[in-house]
Amino acid sequence: MRIAVGVRSDGGAALLPLADDGTPVGAVERVDDLAAAVAERERLGPRWVWSASRVVYPPLLAAGVRVARCHDVELTESLLLGHAGRYGEPRSVRAAWARSRDEPVPADEPLEDAGRQPSLFDESGPDEDVEMIAAVHAGQLARIAAGSAGLSLLAAAESAGGLIAAEMGHDGLPWRADLHDALYTELLGPRPSLGMRPRKLQALADQVAEAFGHVVNPDSPAQVVKAFKDAGFPVPSTRAHVLKQIDHPAVPIVLEYKELARLWTAHGWTWLDAWVHDGRFRPEYVVGGVVSGRWATRGGGALQIPKVLRQAAVADPGWKLVVADAAQLEPRVLAALAGDRAFAAAAAQGDLYAALAHVFETAGTTRTASGVAAAKDKPSARDKAKIALLSAMYGGGTGEGVQLLGVLRSRFPEAYEYVENAAREGERGRLVRSRLGRTCPPPSEAWREVAGEESGGGAARSRGRFTRNFVVQATAADWALVLLASLRRRLAGLSGAYGSEGAHLVFFQHDEVVVHTPEKQAEAVATAIRESAEEAGHLMFGRTPVVFPMQIATVDSYADAK
DNA sequence: ACTGGGGGCGCC
DNA sequence: AAAGGGCGCCCCCAGT
């Protein structure tokens with residue numbers, strides 16, 4: 001059973017019951033209080049069909065109402081457009097409606113970054129047309145059925161992701177501002193007044209000046225490059241790995257400055273003021289914000305939290321954080337995708353790289369220019385396996401990586417061929433898809449012109465690297481999304497309801513999830529995570545020997561999960 | 001004063 | 001022979 005929702009700007013709505021194929025099975029019903037109406041009908045277990053959880057759901061959450069399932073028209077439209085090679089076209093209900101009728105398609109509203117939680121309720125825009133939403137939804141179901149297998153699961157998982165993103169943005173990650181402040185005071189000195197560097201940072205800047213004999217702004221790459229050049233050390237850039245190569249007293253100081261300066265500017269006291277309130281960090285997640293299906297965030301830098309800062313994420317008293325990450329997700333995904341039996345057998349192990357190590361035992365002569373370095377940093381067989389796989393998935397490989405790729409090719413031809421094929425498709429300008437059908441964007445017109453002129457040129461190879469990586473990264477994102485949806489359902493089962501009173505998701509970062517849970521349920525949460533990972537593997541790949549083990553830690557502080 | 005590209009680096 | 005995927009966010013700096 002489905003119920004379409006057309007939200008009114010005054011907090012009311014129009015509801016329209018639908019059959020599972022999307023056809024209306026009743027009359028439009030007007031309600032004055034959407035939250036109350038949803039709460040009441042949620043007991044029937046419907047799938048809510050609405051324009052976008054991004055807009056509709058936050059006001060419901062604020063009213064204390066949560067739902068189990070939805071069909072997010074906007075997210076689904078994005079997936080379907082991409083699948084049809086029309087990546088980036090307007091995805092709103094109105095746009096989808098207009099497209100289906102060959103009418104002029106209105107541009108999407110820009111995602112506002114000023115007003116935090118966007119909401120229909122506090123805008124004076126036009127009311128949504130529930131019959132239009134229902135019609136677009138029905139059309140989407142038909143397009144899903146006509147598309148590649150997996151699209152149905154993908155749309156459901158993406159919609160669940162929309163709910164989860166809104167819920168995590170609402171509930172927030174437990175955050176101890178006092179610990180954050182104490183850590184920063186220790187690292188940088190006390191919070192400086194506006195426009196001033198923290199004491200420690202200023203001291204380092206002074207030391208930089210001393211080392212060069214004149215004032216150099218370490219925040220300015222141009223000034224630093226010039227200073228090293230004038231000192232007889234020409235460098236192409238001030239990247240850390242470049243500076244580490246040269247022997248000048250300013251190097252360690254500049255590097256320390258840059259490390260601390262980044263902590264300060266990206267996640268310092270200003271960030272704390274802006275993003276942490278009432279003991280919670282509430283980022284704004286953007287579902288499908290990355291073309292591969294990974295999420296992005298807007299404003300809070302939630303997916304780039306420095307590891308050292310994780311000690312500020314601490315469970316409430318009597319609660320725990322259950323932190324879980326999928327071990328070696330991407331190579332496992334490749335193994336399952338390619339159906340390479342030898343490779344999959346290795347991926348049936350806990351440590352995939354170790355299981356592959358024997359194959360690379362003697363491979364790859366260390367022919368580094370510096371013999372000393374080669375002897376010291378000689379990679380283990382396990383390291384070689386890792387390098388070979390990363391090279392295969394990223395399209396890279398320098399020196400030894402090339403030889404190791406050769407080993408991969410001869411021992412695991414199907415896995416090798418899978419990513420090679422994706423690269424060839426990309427070089428020819430074709431589209432590639434994830435396991436569930438998420439599709440890469442088409443190359444630009446400019447690319448087609450360049451690629452046509454000089455085949456095999458840099459642009460083509462770059463595109464090949466992109467599509468090579470896309471099939472793996474996007475399938476890993478599929479898997480993570482399916483896991484997330486499954487876990488959300490299981491956590492609701494543990495608590496008896498969707499909500500933050502019991503165990504609930506508080507953080508998600510590509511292949512890692514964090515659940516905030518009453519201590520008593522931590523064990524059950526860990527079990528739910530393992531079951532969800534297993535379910536995701538089966539839903540995505542059917543029968544496969546590949547396992548997706550989760551590394552799970554139950555901790556007070558996020559930093560304690562290693 | 002504002003904007004946008006580039007450098008650099010945080011996370012995966 | 002060489003070859004390195006995806007983001008967000010900060011600062012600087014040149015252009016307007």
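Naming: A, B, ... by sequence-line order, numbering from 1 per chain. Bear in mind that the values here come from a model prediction, so they are computed numbers and not experimental data.
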Count the heavy atoms of every other residue, nucleotide or ligand shown that sit under 6.0 Å from [atom1] of [X], and state whether that count exceeds 12.
| X | atom1 | value |
| --- | --- | --- |
| A:Lys386 | NZ | no |
| A:Asp247 | CG | no |
| A:Glu534 | CD | no |
| A:Arg409 | CZ | no |

Can you check the [X] [atom1] to [N] [atom2] distance for me, whole Å?
| X | N | atom1 | atom2 | value |
| --- | --- | --- | --- | --- |
| A:Arg438 | C:dG6 | CZ | C1' | 13 Å |
| A:Tyr257 | C:dC10 | OH | C1' | 11 Å |
| A:Leu201 | C:dC11 | CG | P | 12 Å |
| A:Glu425 | C:dG5 | CD | P | 19 Å |
| A:Leu389 | C:dG4 | CG | P | 18 Å |
| A:Gln473 | C:dG6 | CD | C1' | 4 Å |
| A:Arg294 | C:dG8 | CZ | C1' | 13 Å |
| A:Lys386 | C:dG4 | NZ | C1' | 15 Å |

Given pairs defined as Watson-Crick or G-U wobble with both distances under 3.5 Å, what dot-bracket annotation applies to DNA chain C, with ( ) intrastrand, [ ] crossing, | other strand and . unpaired?
....||||||||||||

dist A:Arg438:CZ -> A:Ser78:OG (nearest 0.5 Å) comes out at 9.0 Å

First locate atom OG1 of A:Thr467, then atom CZ of A:Arg433, and finally report the distance between them rounded to the nearest 0.5 Å.
13.5 Å

Between [X] and [Y], is any pair of side-chain heavy atoms under 4.5 Å apart?
| X | Y | value |
| --- | --- | --- |
| A:Tyr558 | A:Val514 | yes |
| A:Val515 | A:Phe507 | no |
| A:Arg463 | A:Cys440 | yes |
| A:Thr76 | A:Arg91 | no |
| A:Pro192 | A:Arg197 | no |
| A:Leu188 | A:Trp269 | yes |

Residue-level proximity of residues 227-241 of chain A to DNA chain B when a heavy atom falls under 4.0 Å
A:Ser237, A:Thr238, A:Arg239, A:Ala240

Can you pull out the residues from residues 307-314 of chain A that lie within a 4.0 Å heavy-atom distance of DNA chain B?
A:Lys307, A:Arg310

How would you label the contact of [X] with the nucleic acid (heavy atoms, under 4.0 Å): base, sugar-phosphate, or nothing?
| X | value |
| --- | --- |
| A:Val472 | nothing |
| A:Leu329 | nothing |
| A:Gly289 | nothing |

Students should find that the nucleotides of DNA chain B closing off the region near chain A, any atom under 4.0 angstrom from a heavy atom, are B:dG7 to B:dC12

Do the ring centers of A:Phe228 and A:Phe212 come within less than 6.0 Å of each other?
yes

Do A:His510 and A:Trp295 have ring centroids that are under 6.0 Å from one another?
no

Using the C1' atom on both, measure C:dG4 against B:dC12 and round to a whole Å.
15 Å

With sequence neighbours left out, what residues match A:Arg280 under salt bridge (charged side-chain N to carboxylate O under 4.0 Å, His left out)?
A:Asp316

What are the two closest heavy atoms between A:Arg199 and A:Gly189, and how far apart are they?
NH2-CA, 4.0 Å

Hey, which of these two, A:Gly301 or A:Ser292, hits DNA chain C nearer its 5' end, going by closest nucleotide?
A:Ser292

Distances for protein N/O vs nucleotides 13-16 of chain C N/O pairs under 3.5 angstrom?
{"from": "C:dC13", "atom 1": "OP1", "to": "A:Ser220", "atom 2": "OG", "distance (Å)": "2.5"}

Below 4.0 Å: OP1/OP2 of C:dG5 and any side-chain N or O of A:Arg465
yes

Charged N to carboxylate O under 4.0 angstrom, A:Arg282 versus A:Asp171?
no

